[in-house]
There are 2 protein chains.
Amino acid sequence: MDLDTVRTFVTAADAGRFQAAAAELAVSQQAVSKRIAALERGLGTRLFTRTARGARLTIDGQAFLPHARELLRVAERAEASVRPGRRPLRVDVIASRIAPSGLMRAFHRAHPEIDLDVVMLFDVGTAVAALRSGTIDASFRAVAMPGRPLPEDIESVRVLDEPLQLLTGPTHALAVARSVTVAQLAGHRIWMPGIVPGTEWAAYYDDLGAEFGLTIEATGPNFGSDALLDTVADTPALATLMSEQTRLVWPAGHDLRRIPVIGPTPVYPHSLLWHRDNPHPALVTLRAHLTAVRATAADTGDTWTPGWVTPR
Amino acid sequence: MDLDTVRTFVTAADAGRFQAAAAELAVSQQAVSKRIAALERGLGTRLFTRTARGARLTIDGQAFLPHARELLRVAERAEASVRPGRRPLRVDVIASRIAPSGLMRAFHRAHPEIDLDVVMLFDVGTAVAALRSGTIDASFRAVAMPGRPLPEDIESVRVLDEPLQLLTGPTHALAVARSVTVAQLAGHRIWMPGIVPGTEWAAYYDDLGAEFGLTIEATGPNFGSDALLDTVADTPALATLMSEQTRLVWPAGHDLRRIPVIGPTPVYPHSLLWHRDNPHPALVTLRAHLTAVRATAADTGDTWTPGWVTPR
DNA sequence: CTACGGACACAACCATCCGTTGTGGTCTAC
DNA sequence: GTAGACCACAACGGATGGTTGTGTCCGTAG
């Protein structure tokens, strides 16, 4: 199926006559006839009844028409998503299963009229470069990497502190605890697959491990959260850290435990980054939305972040 | 933009390598390379960064990918809408701005998992023929035309009585009434454009006019509800009948009046029609839904329908 | 009844597009 | 350094799609 053909179908359906559709599309009447015939051949159905006064939709044609319109709308949005100038607001999130992704979903619910695109970049350095080149409009990141301050033309505001919880299988030594302190985690293996070395995310866990003497393994390939949960559930000596807001597809029968970490609670500090001169109108709306959400969030008290993190 | 090209893009993005995508699509690696290059040329953006270990998405490519997937989903639904066997439930409604259309919207809200297509056929005769041929699965119609009983293989159930109101401009003689009786309408011109002679809809208004001595003009072309409202608002001697449930785009400054009609209230009797042997699984759900809605609707009391209408 | 005009389909021709095979360049791993 | 993996470029052939010219059907005017 070709989109030009679909467009021809919609035009012909609206005009009611192939000739008029041909004029509108600036092609010959015979071309319209051939396109419609090809579409009908491809679908295996007759879409128009041809009469001497024009062409009327068959019942199949009527059923197909709204889908055809939708197809053209989606195609238009797809093209717009990469069109320079007036394209949708493009936001970088660190991963799909942690808080910024949820913030963007909430923003979309609050402002469904704003077109959004979400991408996932490698690290804060890549994000800053993309912000400066105008390839993205905003980025949720922990700023900044140790020893690497943000450039002057990049602005940022802390938008969310995401508390981490311990996730264990039922046979883990800490599985029965109502809560654990960070100090209690020392000596226990904590497995964080999917954390790519060299990113600010890895720097966070490096700092967390160093400060409290934890054994955090960021190695190994990431086979997805299913594989992670399977392994954690089956391995008594293994646990992982996870946002308390993460909504997982909870596997049945694994009996996993989520245990709050206290004294202090490690929180992952998400900031919104944007370029000082970015003119995208929706960026203002996004910043206002996040500020409003931030104001309503209660302070969680005794928390920990790395020393290189910009204070709130 | 061509859907095969989009499909190639999605396959290549998922595979991460053009060769693997080519194998999956059963074409040569060079064909994939050319298709992607053509897509990039058409969009004016680079979608992949080519490396010796494969091809990774650029930021533009990441932004485009979900739109591309959506495009393929919509295309699949579009094809399914005319595929014989296992196609969406196809329902005929009499017009988009009266009650059955609202019933279908409510059904869609209650069962979003059921794929629906809505068409509008000429009259109950056409609908019955389409039901018997399997082209549609259900039809909202007033059954039956006078003297023309439904065939034995078509079943029906009364699902909704739609009360009619009088719609007038501010200078109409009845504009200030809180309600009017049908008898009071005698002698006033009532204009119903868009009612096609020969349909069961026209038969309803013929009967209504004959029984109460009304002057109902079903003539003239239908230029849409905007034109109807404009004319009614500006013409003191003209009124029209309209469902009380109709949600109009209410023109500003026209000061139109909706006046209930009583003693008795004319109601338009909508029934659901379907073929006795139709095996579509969603048809059962639709009938159950309508029966449930029907049970919760209060009886409106003193109403009128033509004598040829199947009793409730 | 006939002639005309409007509207769509079919046929032939031609340009362009698309896919294939063959080849080259580049990066990585050993 | 060399082999392997991967993608791009070039050349060729078939298919696709557009145009012009023509045919057929139908409704209408005279």
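Within every chain, numbering begins at 1; the chains are lettered A, B, ... in the order of the sequence lines, protein sequences first and strands thereafter.
Residue Val32(A) is out of contact with every strand shown, counting any heavy-atom pair closer than 4.0 Å.
For the segment residues 1-26 of chain B, residues with any heavy atom less than 4.0 angstrom from an atom of DNA chain D are, sorted by number, Arg17(B), Phe18(B), Gln19(B). The stretch residues 35-56 of chain A comes close to DNA chain D through Arg35(A), Ala52(A), each having a heavy atom under 4.0 Å from the strand.
Shown are Arg87(B), Arg90(B), Arg83(B); of these, the side chain to side chain donor-acceptor pair (under 3.5 Å) with Asp60(A) is made only by Arg90(B).
Considering only side-chain N and O atoms, Ser33(B) lies nowhere under 4.0 angstrom from the phosphate OP1 or OP2 of dC7(D).
Using modelled atom types, one finds a donor on one side chain and an acceptor on the other under 3.5 Å when comparing Thr126(B) with Asp123(B). Side-chain contact, His67(B) with Asp117(A): a donor N or O sits under 3.5 Å from an acceptor N or O.
Of all heavy-atom pairs between Arg189(B) and Glu217(B), the closest is NE-OE2, 2.8 Å.
Side-chain contact between Tyr205(A) and Leu241(A): present, with at least one pair of heavy atoms (C-beta onward) separated by less than 4.5 Å.
In this structure, Arg73(A) does not pair ionically with Glu76(A), as no charged nitrogen and carboxylate oxygen lie closer than 4.0 Å. One finds no salt bridge joining Arg86(B) and Asp115(B) here, because no Lys/Arg side-chain nitrogen approaches an Asp/Glu carboxylate oxygen to under 4.0 Å.
Taking the six-membered ring where tryptophan is involved, the planes of Phe18(A) and Phe48(A) are perpendicular, since the angle between them exceeds 60° and thus also 30°.
Judged by distance alone, with hydrogens and angles left aside, Gln30(B) brings no side-chain donor or acceptor close enough to the base of dG19(C) to form a pair under 3.5 Å.
For the pair Ser28(A) and Gln29(B), nearest-nucleotide mapping onto DNA chain D gives the more 5' position to Gln29(B).
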